[in-house]
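One structure is given below, encoded as structure tokens.
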Amino acid sequence: MDYTLKETMTIMAAREIRNGDIVFCGTGISMVAAMAAKQISAPDSIIFFETGSIDSCLEEIPLAVADPRVMFGAASNSGLLEAFATMQNPNTGDRVIGILGAAQIDKYGNLNSTCIGNYFQPKTRLSGSGGSCDVASFVSRCLIFMQHEKRKFPIKLDYLTSPGYLVGPGARERAGLKPGGPTAVITNLGVMRFDNDTKEMYLAGYYPGVTPQNILDNMEFSVDISRAIETEPPTERELKILRKRVDPQKLVL
Amino acid sequence: MDYTLKETMTIMAAREIRNGDIVFCGTGISMVAAMAAKQISAPDSIIFFETGSIDSCLEEIPLAVADPRVMFGAASNSGLLEAFATMQNPNTGDRVIGILGAAQIDKYGNLNSTCIGNYFQPKTRLSGSGGSCDVASFVSRCLIFMQHEKRKFPIKLDYLTSPGYLVGPGARERAGLKPGGPTAVITNLGVMRFDNDTKEMYLAGYYPGVTPQNILDNMEFSVDISRAIETEPPTERELKILRKRVDPQKLVL
Amino acid sequence: MNTAQDKVMTLEQAIASYVTDGCHISIGGFTVSRNPMAAVYEIVRQRKKNLHCYAHSNGTGVDELIGGGCVSRLEIAYGGNGKAAPTCIRFKLAIQRGEILFEDYSNYHMSLRFHAGAMGVPFIATLSGLGTDILNIWGFSKEMRAKDPKLPNKKAEVIDNPFGSWTGASKVVLIPAINPDVTIIHVQKADRYGTCRIEGLNFADIDQAKSAKNVIVTCEEIVDAAELREKPEYNQIPFIHVSAVVHVPHGAYPSACYNYYDYDPMYLRQLSNFAKDDKLYKEYLETFVHGVKNHRGLLNLVGQEQLKIIAADARTGYATGLDRR
Amino acid sequence: MNTAQDKVMTLEQAIASYVTDGCHISIGGFTVSRNPMAAVYEIVRQRKKNLHCYAHSNGTGVDELIGGGCVSRLEIAYGGNGKAAPTCIRFKLAIQRGEILFEDYSNYHMSLRFHAGAMGVPFIATLSGLGTDILNIWGFSKEMRAKDPKLPNKKAEVIDNPFGSWTGASKVVLIPAINPDVTIIHVQKADRYGTCRIEGLNFADIDQAKSAKNVIVTCEEIVDAAELREKPEYNQIPFIHVSAVVHVPHGAYPSACYNYYDYDPMYLRQLSNFAKDDKLYKEYLETFVHGVKNHRGLLNLVGQEQLKIIAADARTGYATGLDRR
């Protein structure tokens with residue numbers, strides 16, 4: 001069965017979601033990944049949006065976190081204040097897994113979604129944090145979607161919008177952040193994780209047909225590839241659910 | 001037309017309420033005074049409770065601020081957080097007039113509703129602040145109901161629960177409180193106000209049949225009586241509304 | 001585990017599981033309304049001890065917990081309960097007799113403390129209480145606080161406004177968050193997973209629930225999740241915060257439950273009379289609390305006729321014309 | 001005057017009265033939902049200038065205000081708008097060209113800032129942003145802040161937790177309150193006095209309204225106060241906060257209004273195409289905004305047929321099966 005890279009990325013992310021997780025969703029592929037996980041392997045995961053909707057009944061794919069589609073059939077509709085508190089809250093926050101994207105990521109998993117170039121006279125102005133900085137600050141597990149391109153994996157971010165492990169081991173704690181930090185970076189070429197001790201990114205998996213060297217060629221900084229294995233490709237069942245039940249209109253995929 | 005002291009007190013307070021005021025109400029006589037004002041002279045005043053009810057439709061007298069009677073027909077039912085924020089809020093807070101009671105009041109209008117005697121081994125433990133400290137801290141105008149007895153007008157409070165003018169001119173500002181402070185103290189004998197410059201209590205009015213000396217005899221500290229005049233007794237119209245429309249069951253009066 | 005599992009259990013189970021001796025507890029409601037009385041009486045019945053109780057103005061519920069001998073430490077804003085008890089009687093006696101440790105705050109302070117706990121921050125700012133003994137006099141000493149990791153190290157802290165005179169404030173009071181071990185609330189409607197819909201005022205129930213490690217919800221009705229999900233904006237507490245759901249009709253009695261029943265002025269008046277006398281109060285507890293198996297038993301003693309008298313009118317949500325003198 | 005007076009007026013009047021050149025403004029809604037677009041277009045039409053705009057993720061509304069030349073200063077968390085504009089185009093261009101002063105926060109920061117403003121405190125605490133450039137890099141300089149009494153003296157302040165390690169926090173971020181001169185929200189239902197009922201998500205509308213000096217409410221329907229008062233717990237904003245009520249059916253168009261209509265993917269896509277080109281965008285403004293008398297005029301250009309396509313389905317609250325590619 002043929003599949004696209006976007007489908008692979010979606011399924012790689014969906015596999016990280018466990019039953020019982022409260023899944024913080026952004027727009028686009030992160031939403032599709034969360035919806036796929038719920039249909040495939042984590043039926044009791046709870047999709048939740050920064051706009052205040054908890055466990056929505058997603059009959060159609062929302063194209064924004066404020067899309068009226070997230071309001072239908074939810075357990076509760078409130079607002080931003082309640083949504084972010086759910087993540088900062090000591091009891092519920094620990095159960096949240098965030099899914100984020102960015103324009104740049106560094107080796108410690110810090111993200112830039114604010115600007116390329118100088119902040120005041122940027123070459124490209126991006127959308128900004130939205131809830132990204134908040135999620136990255138609060139939750140104990142985070143998945144990050146990236147496109148593997150050199151400029152997107154720079155040695156130094158143009159702007160640090162959302163905290164990963166900051167400057168390495170112990171840095172989150174020294175800054176006053178909650179423990180946590182990114183769990184996995186899912187790209188169009190493979191899956192990267194972070195070393196328990198050094199907090200540096202390493203290559204955990206590469207997709208069939210991709211080599212670790214392909215991946216290194218698409219990053220400014222270098223990462224350990226010694227632990228990398230070929231990832232299990234999307235199964236027929238996963239793909240079928242994704243295509244038939246999650247995004248039949250191909251709005252995202 | 002005959003009337004009771006409680007009726008006089010209620011009407012004295014009601015006369016202080018202006019059209020457009022947002023009236024913070026406690027239980028008992030303060031609630032009746034606010035209801036009377038709305039019926040008599042300030043139809044567009046808004047009765048509001050610390051429990052979160054705004055502009056309730058009070059078909060029966062509530063006997064507590066959480067009485068289900070305050071929930072009926074309101075413009076909005078929320079909770080404590082929203083209610084107190086309405087008073088701390090710079091835009092709405094200035095339009096709130098609070099009505100409070102206490103076990104003790106000093107010459108600067110500070111209130112004690114916590115204990116008689118030592119805090120840790122009190123002779124009499126009272127209910128405590130409730131929202132009284134909050135109201136007294138936030139709002140620009142406050143009416144206080146008291147019974148005129150020596151021990152209730154002491155030189156020094158056993159416990160300062162709710163701030164009046166603290167230790168005198170400028171003290172609220174120095175403490176960091178919002179400007180404001182008590183407007184009038186309405187007792188079973190007369191009405192006291194606070195001097196603009198000294199912030200000390202003075203006798204503004206005494207009820208028909210009461211002399212300023214009667215009043216002084218019922219206070220530990222002394223107040224200026226030079227500005228005191230006899231108050232206008234309750235009118236027939238005021239009493240009729242009070243009896244027929246506000247408290248026909250005589251639950252409070 | 002607070003996922004979308006069925007959390008319905010008996011009140012006995014819920015109290016036995018989540019209310020442990022010495023735990024930090026808060027209960028919902030306000031004076032005469034929506035106190036989780038069935039749960040309170042079950043706590044007394046199970047003879048729980050040394051509870052550390054957080055209250056704003058929790059009326060009869062807190063007073064019965066104190067009277068029942070369950071409370072050793074109390075943080076409170078208001079110990080009064082309407083006409084029947086301008087000052088709650090067992091609360092008053094317990095303090096006058098030195099039987100419990102206590103700490104005073106204001107109602108806004110307590111609401112903000114739950115709010116900070118629900119938000120996951122150590123404190124929240126207010127301008128309430130500056131210059132008062134609420135800030136000056138600490139019921140729990142610095143030493144006691146230093147020794148107990150479940151207490152903040154300070155009752156409150158006054159700081160200069162770090163933003164100059166922004167919003168006109170020169171100083172602000174910071175008050176510490178509360179995160180109870182367990183919060184118990186009584187609501188009109190809940191589904192089996194714990195999503196709640198509160199009718200009428202919510203008081204501080206929402207933040208009390210969200211700030212707690214475990215939440216027990218007692219409710220008048222268990223309804224289909226699908227029914228609540230037709231209007232998600234009216235469900236104030238989503239199931240992710242809830243540990244146990246218990247179906248207890250009249251579970252707030254003798255306090256009121258808006259749209260279901262009024263408070264019972266007769267019961268509350270009698271209770272106040274009993275509470276004033278140690279012997280009578282002991283007998284009352286033995287008859288009405290320990291003497292019955294559960295809340296149904298207490299309601300049977302009260303009688304159907306009395307429950308009919310306090311039944312809520314459909315238009316107003318309370319018992320219109322109820323004799324409350 | 002925010003008493004219980006009749007506050008219904010025309011949109012022209014409301015904008016002329018409460019949105020003044022240079023004023024500090026916030027608008028409700030979030031990306032594709034419930035932006036007060038009719039009010040936004042009226043502001044552009046009245047050629048208001050130098051607005052200081054506070055936004056979390058206010059999508060099309062803020063982008064059109066910027067594109068319309070009304071904004072000189074912007075505090076914002078997110079300038080994106082769903083599929084049609086992952087980064088809002090006029091926002092992006094204005095910053096890249098140095099046309100506006102701007103300051104970045106996160107969505108929670110902005111929500112908390114309105115919350116603090118509504119509560120009347122100078123700041124509120126969070127753990128969000130520690131170690132990031134959101135705290136390190138200030139868009140508005142210390143000097144600019146010192147000179148302008150309508151700005152807090154600092155973007156944010158990091159302090160050690162004054163309560164030791166209470167709630168596990170060693171440090172906290174304090175972020176300053178916002179009190180806009182005017183907030184404009186679009187709601188489903190309001191009464192003539194300003195009491196509002198929002199259906200679906202409320203986003204940050206409630207605190208945005210309560211923190212503001214003046215509030216303009218545009219609404220799909222003006223309903224009897226008595227109707228709203230049947231369920232006061234569902235009315236999130238009581239009339240005491242509101243200055244003006246304006247009846248504008250489809251007042252959120254082209255953004256969505258839950259239970260009434262969906263966002264218009266076609267309009268938003270076209271708008272994005274126009275926005276990318278200065279000349280096309282100018283023509284667009286001249287036709288769709290300045291070229292019409294009011295929102296009805298814009299809706300006429302769009303046509304009844306298109307409005308029918310985006311009409312909300314009664315069960316789901318949105319236009320099921322709408323072509324959104």
Side-chain angles (χ1 to χ4, degrees), chain A residues 17-24 37-38 42-49 51-59 62 66 68-97 134-135 137-140 176-180, chain C residues 1-7 18 114-124 150 177-183 187 189-198 202 206-215 223-243:
Chain A
I17 295 167
R18 303 188 291 233
N19 225 357
D21 280 354
I22 303 176
V23 187
F24 169 91
K38 207 169 156 69
D44 285 341
S45 59
I46 299 151
I47 299 181
F48 127 90
F49 299 98
T51 43
S53 193
I54 291 187
D55 206 29
S56 327
C57 181
L58 298 174
E59 294 189 356
R69 283 151 193 80
V70 310
M71 305 180 194
F72 172 64
S76 172
N77 278 336
S78 54
L80 278 67
L81 209 62
E82 292 83 356
F84 288 111
T86 300
M87 292 187 269
Q88 200 175 215
N89 181 301
N91 303 304
T92 42
D94 281 353
R95 291 182 280 134
V96 177
I97 179 167
D134 309 308
V135 177
S137 295
F138 298 147
V139 315
S140 54
L177 287 170
K178 294 202 166 196
Chain C
M1 279 302 291
N2 298 324
T3 57
Q5 64 182 17
D6 190 323
K7 294 164 191 156
Y18 297 110
F114 290 117
H115 193 48
M119 286 201 297
V121 288
F123 61 83
I124 196 160
K150 288 180 83 171
I178 294 174
N179 289 106
D181 294 315
V182 58
T183 285
V187 306
K189 292 189 176 82
D191 69 22
R192 303 184 72 85
Y193 315 102
T195 296
C196 299
R197 183 172 297 177
I198 296 170
N202 64 59
I206 302 170
D207 282 324
Q208 286 182 258
K210 291 185 176 179
S211 63
K213 202 180 295 171
N214 288 296
V215 177
V223 298
D224 272 356
E227 185 185 328
L228 292 185
R229 283 173 181 245
E230 275 173 24
K231 295 278 179 200
E233 47 271 43
Y234 305 151
N235 306 332
Q236 301 94 337
I237 301 172
F239 61 89
I240 57 171
H241 299 279
V242 174
S243 302

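In what follows, every heavy atom counts, from backbone to side chain, and hydrogens, waters and symmetry copies are set aside. Within every chain, numbering begins at 1; the chains are lettered A, B, ... in the order of the sequence lines, protein sequences first and strands thereafter. Please read these numbers as outputs of a predicted model, since none were measured by experiment.
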Within-4.5 Å side-chain heavy-atom neighbours: [X] and [Y]:
| X | Y | answer |
| --- | --- | --- |
| Asn91(A) | His241(C) | no |
| Pro238(C) | Asp55(A) | no |
| Ile46(A) | Phe239(C) | yes |

Donor-acceptor pair, side chain of Arg95(A) and main chain of Ile240(C), under 3.5 angstrom: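 Judged by distance alone, yes, a pair lies under 3.5 Å.
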
Glu233(C) (side chain) donor-acceptor with Asn77(A) (main chain) under 3.5 angstrom: no

Partner residues of Glu59(A) under the salt bridge (Lys or Arg N to Asp or Glu O under 4.0 Å) criterion, sequence neighbours left out: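 Glu59(A) satisfies salt bridge (Lys or Arg N to Asp or Glu O under 4.0 Å) with Arg315(D) only.
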
Partner set under salt bridge (Lys or Arg N to Asp or Glu O under 4.0 Å) for Lys231(C), not counting sequence neighbours: none

Which bit of [X] is near chain C, if near means a heavy-atom gap under 4.5 Å: side chain, backbone, both or neither?
| X | value |
| --- | --- |
| Met71(A) | backbone |
| Thr92(A) | side chain |
| Thr86(A) | side chain |

Ala212(C) versus chain A, the contacting section by heavy-atom distance below 4.5 Å: backbone

Atom of Met119(C), atom of Gln88(A) and distance for their closest heavy-atom approach: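 Shortest heavy-atom contact: O-NE2, 2.7 Å.
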
Heavy-atom pair of closest approach, residues Gly117(C) and Asn89(A):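 Scanning both residues, the minimum pair turns out to be O-ND2, 4.2 Å.
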
Pairs of heavy atoms under 4.5 Å with chain C: top-ranked of Ala74(A), Gly52(A), Ala85(A), Pro90(A): Ala74(A)

